[in-house]
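Structure first, then comments.
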Amino acid sequence: RWNDDQKKLKEVPFIGSLDKRKGADILLEAWKEYKSKKGEMTLNIIGSGEYQKYFTELDNVNVFGFLQPNESSKILLRSLVFVLPGRDDNWATVIAEAAASGCILIPTKFVGATYDFLEDGKNGYLLNPNSGKLLSNYLLKIQEMPPESLAKMVKYSVKKSFEFDSIRLTKAIEKLFQKKL
């Protein structure tokens, strides 16, 4: 878990398969727009897939490919923002990890863990599906926030992660199964 002693860098990780299901195409579009509007943060891509080569061609993007969990968690702990513009993700554990790492969250409603960890406006922003422009705007908004506001959002993500325990996990999984039936 993140604590106040750990410095947050203006980095944005994406962890997952670089495909349409996980919204890699949306992230690609958003990052291009964000950088064209003087975006200053760095994007860290952890994963591989069909869109990987396109990210290697962009400025301020590090493409790590697959990393072991301990390496991914180091990147999450130092990062300010976590994005997951997915179109179909039942319950992305990485959202829980990003919240516990103190990341400001920007997922879509199609990422099942979103509603367990995100309070829109308090520790991140709910991304409308298929909206690279909105993702770019959220990144710019975060970039321009005063340090005190950013610190509040980071701490709120960690607080949300403490609220999640095995009982809540069980209920979340039960809810998913009920929706599928």
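These figures come from a predicted structure and were not determined experimentally.
The two residues Glu40 and Gln143 have their closest heavy-atom pair at N-OE1, 2.7 Å. Counting all heavy atoms, side chain and backbone alike, Val81 lies closest to Leu139 at CG1-CD2, 4.1 Å. The two atoms that bring Ala100 and Val158 nearest to each other are O-CG2, 3.9 Å, heavy atoms only. Summarising the geometry of Leu134 relative to Leu126, their closest heavy-atom pair is CD2-O, 4.5 Å, with the distance given to 0.1 Å. Nearest heavy-atom pair, Glu11 versus Arg78, reported as atom, atom and distance to 0.1 Å: OE1-NE, 2.6 Å. For the residue pair Phe66 and Gln68, the shortest heavy atom distance occurs at CE2-NE2, 3.5 Å.
The ring-ring contact (aromatic ring centres under 6.0 Å, His included) contacts involving residues 13-39 comprise Trp31-Tyr34, where partners must be two or more places apart or lie in separate chains. For residues 54-65, the side chain to side chain donor-acceptor pair (under 3.5 Å) pairs, not counting sequence neighbours, are Lys35-Asn60, Asn44-Asn62.
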Q.
One pair to check against side chain to side chain contact (heavy atoms under 4.5 Å, CB included): Lys8 and Val154. What are the steps and the verdict?
A. CA-CA 9 Å; Lys8 285 292 190 182; Val154 164; 4.1 Å; yes

**Q.** Test side chain to side chain contact (heavy atoms under 4.5 Å, CB included) applied to Val12 and Leu80, step by step
**A.** CA-CA 6 Å; Val12 181; Leu80 182 61; over 6 Å; no

Q | Audit row: Ile104, Ser157, side chain to side chain contact (heavy atoms under 4.5 Å, CB included) steps and yes/no | A | CA-CA 7 Å; Ile104 296 169; Ser157 274; 5.6 Å; no

Q) Between Tyr156 and Lys159, is a side chain to side chain contact (heavy atoms under 4.5 Å, CB included) present by the stated rule, with each step listed? A) CA-CA 5 Å; Tyr156 201 78; Lys159 179 183 180 228; 4.0 Å; yes

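Applying the side chain to side chain contact (heavy atoms under 4.5 Å, CB included) criterion to Asp5, with sequence neighbours excluded, gives Asn3. Scanning for side-chain hydrogen bond (donor to acceptor under 3.5 Å, both in side chains) contacts around Lys74 gives Glu71, with sequence neighbours left out. By the side chain to side chain contact (heavy atoms under 4.5 Å, CB included) test, Leu76 is found to be paired with Pro13, Ile15, Phe82, Glu97, Ala98, Ser101, Cys103, residues two or more places apart in sequence or in another chain being considered.
Going from atom CD1 of Ile95 over to atom OG of Ser161 covers 12.5 Å, rounded to the nearest 0.5 Å. Distance check: Leu77 CG to Gln6 CD gives 5.0 Å after rounding to the nearest 0.5 Å. To the nearest 0.5 Å, atoms OG (Ser48) and CZ (Phe64) are separated by 14.0 Å.
Glu33 has a carboxylate O that lies under 4.0 Å from a charged side-chain N of Lys37, or vice versa, which qualifies the two as a salt bridge.
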Table please: side-chain donor-acceptor pairs of residues 18-28 below 3.5 Å, with sequence neighbours left out.
| residue | atom | partner | partner atom | Å |
| --- | --- | --- | --- | --- |
| Asp19 | OD1 | Arg21 | N | 3.3 |
| Asp19 | OD1 | Lys22 | N | 2.9 |
| Asp19 | OD2 | Ser17 | OG | 2.9 |
| Arg21 | NH1 | Asp88 | O | 2.6 |
| Lys22 | NZ | Asp89 | OD2 | 2.5 |
| Asp25 | OD1 | Arg87 | NH1 | 2.8 |
| Asp25 | OD2 | Arg87 | NH1 | 3.4 |
| Asp25 | OD2 | Arg87 | NH2 | 2.9 |

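With hydrogens and angles ignored, the 3.5 Å screen pairs no side-chain donor or acceptor of Thr114 with any backbone N or O of Pro107. Put simply, the side chain of Ser79 gets close to the backbone of Ile75: a donor and an acceptor are under 3.5 Å apart. Judged by distance alone, with hydrogens and angles left aside, the side-chain atoms of Ser73 form a donor-acceptor pair with the main-chain N or O of Asn70 at under 3.5 Å.
Hydrophobic clustering of Ile, Leu, Val, Met, Phe, Trp and Tyr side chains at less than 4.5 Å, counting indirect connections, unites Val63 with Val94. Hydrophobic clustering keeps Met41 apart from Leu9 (ILVMFWY residues linked when any side-chain heavy atoms are closer than 4.5 Å, directly or through intermediates). One hydrophobic cluster holds both Tyr115 and Val111 under the rule that ILVMFWY side chains link at heavy-atom gaps under 4.5 Å.
Taking 4.5 Å as the limit, every side-chain heavy atom of Leu127 sits out of range of all side-chain heavy atoms of Val83. A heavy-atom distance below 4.5 Å is not found between the side chains of Thr42 and Lys10. Within the 4.5 Å cutoff, the side chain of Leu84 has no heavy atoms near those of the Thr108 side chain. Residues Leu135 and Tyr125 are not in side-chain contact: their nearest non-hydrogen atoms beyond the backbone lie 4.5 Å or more apart.
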